[in-house]
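Below is one structure, written out as structure tokens; the observations come after it.
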Amino acid sequence: MYQDIKLDEIDINLNPPTEEPGRQYYFMAKCRERTRVFERERGRLPKACVVNMGCQMNARDSEKLLGILREAGYEASEEEQADFVIYNTCTVRDNANQKVYGRLGVLNGHKKRNPGMRIALCGCMTQEPSALKKIRQSYPFVDLIFGTHNIYKFAELLDAMYESRGTVVDIWEEADRIVEDLPLERKYAFKSGINIMFGCNNFCSYCIVPNVRGRERSREPGDILREMEGLVSEGVTEIMLLGQNVNSYGKTLEEPMSFAQLLREAEGIEGLRRIRFMTSHPKDLSEELIEVMKGSSKICRHLHLPLQSGSTRILEAMNRRYTKEQYVELALRIRREIPDIAITTDIIVGFPGETEADVEETLDVIRRVKFDNAFTFVYSKRTGTPAAKMEQVPKEQVKVWFDRVLRLVQETARERALLCRGQVSEALVEEVNENDPSMVTGRLSNNLLVHFPGDEELIGKLVSVSLDECHGFYYIGHRA
Ligand code: 5AD
Ligand code: SF4
């Protein structure tokens, strides 16, 4: 395990080893030497800031970046004060890219005041050739750019950046391996996400993810379970298993294993109290998974099941490989089998060729399934995806439809949340309430939030809470 590796015992005057992760520890040691020099000269440690701009997978990657920076001797800080800033980018919708361009402009101002500052970009956006070209042309003050497949080499790239005069760029088209046992710094002490797979093989026609995250690769179950046990021994009680499509977990392993089987094994980990997972593709959700969830006392009563569209015609154009009726039938079956489960979803409005009648179909699914929550997105054209070449829908029209969809999902979410009123439920306390320090915020198994009187001492604990007042998407309660 990495905890056993002592950086100070690594001789950085020797050549770097070729095997991983040893090679990266060598470069961490080398970077640490550099931060020591910085400290001697400046009388303080260098400061670093990791900005996460994407999904839970990105957030997990950011923890890896932070872990390596910590080993290299950096102190965490805000962006404005940092000597090293790294943006872990997202590119699923174009507004994510626009945000990066905007923030880079501001960051350049900081760099002018602190010329020793270094700026790095990594994550999904850098894997996109057109975005990479734009960054290189218009933002020459960026010092390091790398992608999603070589993030395990961050220590080595950080060192290369300090050794180099120009921008260091290292983007790989695909992953060569999964490197285990690198350090990481967790955001929360009591809950954690862990990757069970990388990439995606689905090729939904609107989605850039398969282009930037590559083909699907599953981690070995032994590695996953070992990491989970390690987390539990450090005090983690809730673990979220992460993948673009967790329901196809294990298909590419030498000894194939289903996601449901992995969950069964995870259930057996002593001391682990809650298991969550994200994201499920409806076409791959098995009977076995429903059975495992039904019989489990640890798997949370929440399923995120992206619908994308309620129109079979649009679903086909999206290459989702299920029909409207198949989706509704699946969702209602899950509701029947596991009555207290919350089903949440993603919906895209304005996919090429969408008509009023298609939007009506989506509204019909929302009414029938009654989602507990939904993320609604305006379709965003992504260069390099098949949908980008299809006939686009006028923006003004999309706006009208979007508002209708949003209003209806808010209605069903409120209706669903109300069903819990008066119940006593277990909440995992996550933080002291930002607006009212006499209250804490906890998360229920079904993902609803509840605010109730309490203090810092409760953070990370599972407590019984009575759900008194429903405020749409959250509850006010008291300890039962
Ligand atoms: N435009 C809008 N939304 C998108 N999503 C993925 N690609 C696009 C796109 N091009 C949404 C999907 C997915 C979620 C993570 O982002 O709903 O489930
Ligand atoms: Fe995109 Fe589909 Fe993969 Fe989800 S499953 S990331 S929507 S390609």
Side-chain angles (χ1 to χ4, degrees), residues 52-61 88-99 123-125 127-128 130-131 148 193 195 197-213 216 240 242-248 277-285 302-311 314-315 317-322 324 327 331 343-354 358-359 362 365-366 369 371-395 397-399 401-403 405-406 409:
N52 183 54
M53 300 178 140
C55 63
Q56 261 123 346
M57 303 278 271
N58 264 47
R60 184 62 175 167
D61 284 344
N88 190 8
T89 62
C90 168
T91 188
V92 72
R93 287 168 291 276
D94 186 55
N95 52 8
N97 293 34
Q98 297 310 323
K99 206 158 82 187
C124 294
M125 183 177 157
Q127 292 286 149
E128 241 187 300
S130 56
T148 54
N195 302 104
M197 59 203 297
F198 303 93
C200 184
N201 280 357
N202 284 317
F203 297 99
C204 304
S205 62
Y206 51 82
C207 189
I208 191 90
V209 170
N211 302 11
V212 298
R213 288 250 173 205
E216 189 177 296
M240 184 181 274
L242 300 171
Q244 298 294 347
N245 178 12
V246 293
N247 296 323
S248 74
F277 54 85
M278 213 42 141
T279 280
S280 293
H281 195 304
K283 81 173 165 52
D284 296 312
L285 197 141
H302 174 211
L303 183 69
H304 188 66
L305 194 65
L307 166 68
Q308 312 302 3
S309 166
S311 153
I314 294 293
L315 285 169
M318 286 178 163
N319 191 30
R320 292 289 290 176
R321 285 176 279 171
Y322 52 83
K324 171 190 182 186
Y327 183 96
I343 300 181
T344 59
T345 202
D346 292 338
I347 295 169
I348 297 176
V349 182
F351 182 83
E354 196 165 48
D358 296 311
V359 178
T362 301
V365 175
I366 301 169
V369 175
F371 292 108
D372 292 73
N373 205 349
F375 296 103
T376 311
F377 305 107
V378 168
Y379 166 76
S380 169
K381 181 175 159 182
R382 309 309 289 123
T383 310
T385 62
K389 297 194 195 80
M390 302 176 190
E391 195 183 329
Q392 309 290 308
V393 182
K395 283 204 170 63
Q397 181 61 73
V398 177
K399 173 95 186 63
W401 292 340
F402 180 88
D403 291 343
V405 171
L406 188 66
V409 292

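Counting starts at 1 for both ligands and their atoms, in listed order. Model, not experiment: these values are computed from the prediction.
Ligand-side atoms of ligand 1 in range of Tyr379: 1 (N), 2 (C), range being under 4.0 angstrom from any heavy atom. Set against the non-hydrogen atoms of Gln308, the atoms of ligand 1 under 4.0 Å away are 12 (C), 13 (C), 17 (O), 18 (O). Every atom of ligand 1 is numbered from 1 in the order shown, and the set under 4.0 Å from a heavy atom of Asp346 is 13 (C), 14 (C), 15 (C), 17 (O), 18 (O). Heavy-atom proximity to Ile348, at under 4.0 Å, picks out these atoms of ligand 1: 3 (N), 4 (C), 5 (N), 12 (C), 17 (O).
Residue contacts with ligand 1: Val378 is included, with a non-hydrogen atom under 4.0 Å away.
The pair Arg213-Asp61 meets the salt-bridge criterion, since a charged nitrogen lies less than 4.0 angstrom from a carboxylate oxygen.
In this structure a side-chain-to-backbone donor-acceptor pair under 3.5 Å is missing from Tyr322 to Asp284.
Side-chain contact annotation: His281 with Ser248, donor-acceptor N/O pair under 3.5 Å absent. Side chain to side chain, Asp346 and His304 meet the donor-acceptor criterion of an N or O pair below 3.5 Å.
More than 12 non-hydrogen atoms from other residues, nucleotides or ligands lie less than 6.0 angstrom from NZ of Lys283.
By the 3.5 Å distance cut-off applied to N or O atoms, Arg382 is not counted among the residues near ligand 1.
Counting heavy atoms only, Ser380 comes closest to atom 10 (N) of ligand 1 of the residues Ser380, Ala387, Ala374.
Atoms CG and CD, from Asn95 and Gln98 in turn, are 8.0 Å apart once rounded to the nearest 0.5 Å.
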